[in-house]
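All values below come from the heavy atoms of this structure, side chains included, with hydrogens, waters and symmetry mates left out.
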Amino acid sequence: SLPSTKTRQDDENISIVDVEVDTEGAPLVSQPDAIVSGTMRRYQLKGLEWLLWMYDHNMSPILGDEMGLGKTLQTISFLAALKFNRGVSGPFLVVVPLSVLSSWMNEFRKWCPSLRVVRLHSQDKQERERLRKHVLSDLQSFDVIVTTYEYVVVPEMRATLASRIYWRVVILDEGHKVKNENAIISQAVRRIRSEIVILLTGMFIDVACALTQSHILTHSLDNLRRYT
């Protein structure tokens with residue numbers, strides 16, 4: 001059966017939803033046909049099922065798994081399911097640390113080469129301007145933008161990512177990077193408009209407490225949940 005929810009209110013009337021996921025039952029979803037180069041494991045399919053359920057209910061989750069359990073694959077399969085199984089077009093935005101940018105691009109190419117993925121990061125000012133004017137201005141030319149936390153604070157990019165585009169889904173890898181609401185990165189991310197935000201982290205408890213206390217990403221704080 002689909003997950004049920006329990007809702008409580010904190011002191012500031014922000015709804016925190018604890019979603020009870022049946023981690024023992026058989027997955028209700030199958031691996032998207034667009035996901036190639038391997039077979040997803042059962043717990044990864046349960047993660048995909050949960051992400052789709054959260055999206056259907058307009059909830060912004062925290063996907064908290066230990067390193068090596070496939071958060072990246074679950075995320076890519078979620079975007080593939082939206083795009084190819086449900087016909088939900090993007091744009092989708094993935095924000096990652098610079099150190100794993102190439103890894104994310106490789107994982108997209110490996111698992112879902114049919115998604116049109118654009119790397120949005122450059123130290124060259126002229127290249128940044130080209131990306132801003134000719135790539136981000138044509139939302140039909142891509143499905144996914146993968147960029148970095150460093151890039152979202154670049155003034156011209158910050159304005160474009162936050163004000164000119166309404167993203168279907170924003171994914172924040174290593175979400176603990178935005179737990180300090182006073183940090184420049186956190187303030188830049190808060191301005192990005194989207195339907196839902198998914199935080200990926202291996203530090204769920206720290207992130208959830210910090211987000212709840214600071215009210216950072218207020219529009220996505222309606223629902224916090226760990227899936228393991």
Side-chain angles (χ1 to χ4, degrees), residues 12 14 16 51 59-67 71-72 74-76 78-79 90-108 117-125 127-132 135-136 142 144-226:
E12 298 295 331
I14 291 180
I16 308 298
L51 288 173
M59 296 181 178
S60 293
I62 296 177
L63 180 60
D65 273 340
E66 295 179 5
M67 185 178 296
K71 291 190 294 294
T72 302
Q74 290 174 67
T75 302
I76 293 172
F78 167 68
L79 298 182
F92 308 118
L93 177 65
V94 182
V95 184
V96 307
L98 179 58
S99 60
V100 297
L101 175 60
S102 295
S103 175
W104 268 91
M105 295 300 297
N106 290 337
E107 292 297 290
F108 269 109
V117 183
V118 174
R119 170 184 168 135
L120 189 71
H121 185 89
S122 176
Q123 300 294 335
D124 182 77
K125 188 174 182 178
E127 176 62 11
R128 289 202 302 266
E129 190 66 9
R130 186 194 71 82
L131 290 169
R132 186 178 69 85
V135 176
L136 291 176
F142 63 87
V144 184
I145 289 288
V146 182
T147 191
T148 64
Y149 287 104
E150 293 82 356
Y151 218 51
V152 299
V153 300
V154 174
E156 61 268 29
M157 283 299 172
R158 179 174 58 196
T160 300
L161 293 173
S163 63
R164 290 176 50 184
I165 303 173
Y166 188 82
W167 303 91
R168 183 80 69 175
V169 177
V170 171
I171 295 163
L172 303 178
D173 190 21
E174 297 192 18
H176 53 274
K177 288 184 174 293
V178 299
K179 68 180 182 179
N180 179 0
E181 68 174 334
N182 296 316
I184 295 175
I185 290 178
S186 299
Q187 293 174 7
V189 168
R190 289 185 67 166
R191 295 188 178 95
I192 299 175
R193 300 179 302 155
S194 66
E195 286 187 19
I196 70 165
V197 177
I198 299 175
L199 278 78
L200 310 180
T201 182
M203 304 170 62
F204 172 78
I205 298 299
D206 289 343
V207 173
C209 290
L211 289 175
T212 302
Q213 293 168 3
S214 67
H215 296 178
I216 191 171
L217 299 180
T218 302
H219 71 290
S220 67
L221 264 180
D222 291 335
N223 313 282
L224 302 180
R225 167 61 180 165
R226 180 187 186 188

Query - Value rounded to 0.5 Å, distance of CZ in Arg191 from OG in Ser186 - result: 11.0 Å
**Report entry** Heavy-atom pair with the smallest gap, counting every atom of Ala162 and Arg193
**Finding:** O-NE, 3.5 Å
Requested in this report: Using side chain to side chain contact (heavy atoms under 4.5 Å, CB included) as the criterion, list what pairs up with Val135, not counting sequence neighbours.
Outcome: Val118, Arg130, Leu131, Phe142, Ile145
Query raised in the report: Taking atom OG1 of Thr147 and atom CG of Leu98, what is their separation to the nearest 0.5 Å?
Result: 9.5 Å
List the atom pairs, with distances to 0.1 Å, where a side-chain N or O of residues 165-175 and a protein N or O form a donor-acceptor pair under 3.5 Å, not counting sequence neighbours.
from, atom 1, to, atom 2, distance (Å)
Tyr166, OH, Ser194, O, 3.3
Trp167, NE1, Leu161, O, 3.0
Arg168, NE, Ser89, O, 3.0
Arg168, NH1, Glu195, OE2, 3.0
Arg168, NH2, Ser89, O, 3.3
Asp173, OD2, Trp104, NE1, 2.9

Report task. State which residues pass ring-ring contact (aromatic ring centres under 6.0 Å, His included) with Tyr149; sequence neighbours excluded, sorted by chain then number. Result -> none
Query raised in the report: About how many Å separate CD1 of Ile198 and OG1 of Thr75, when rounded to the nearest 0.5 Å?
Result: 6.5 Å
Query raised in the report: Rounded to the nearest 0.5 Å, how far apart are NE2 of His121 and OG of Ser102?
Result: 9.5 Å
Report task. Provide the closest heavy-atom pair for Val96 versus Glu150 in the form atom of the first, atom of the second, distance. Result -> O-OE1, 4.5 Å
Query - Contact summary for Lys71 and Leu63, nearest pair of heavy atoms - result: CD-O, 3.5 Å
Query raised in the report: Any idea which heavy atoms bring Leu120 and Tyr151 closest together, and the distance?
Result: O-CD2, 3.1 Å
Report task. Starting from the C-alpha separation in whole Å, work towards a yes-or-no answer on side chain to side chain contact (heavy atoms under 4.5 Å, CB included) for Val189 and Val197. Result -> CA-CA 10 Å; Val189 168; Val197 177; over 6 Å; no
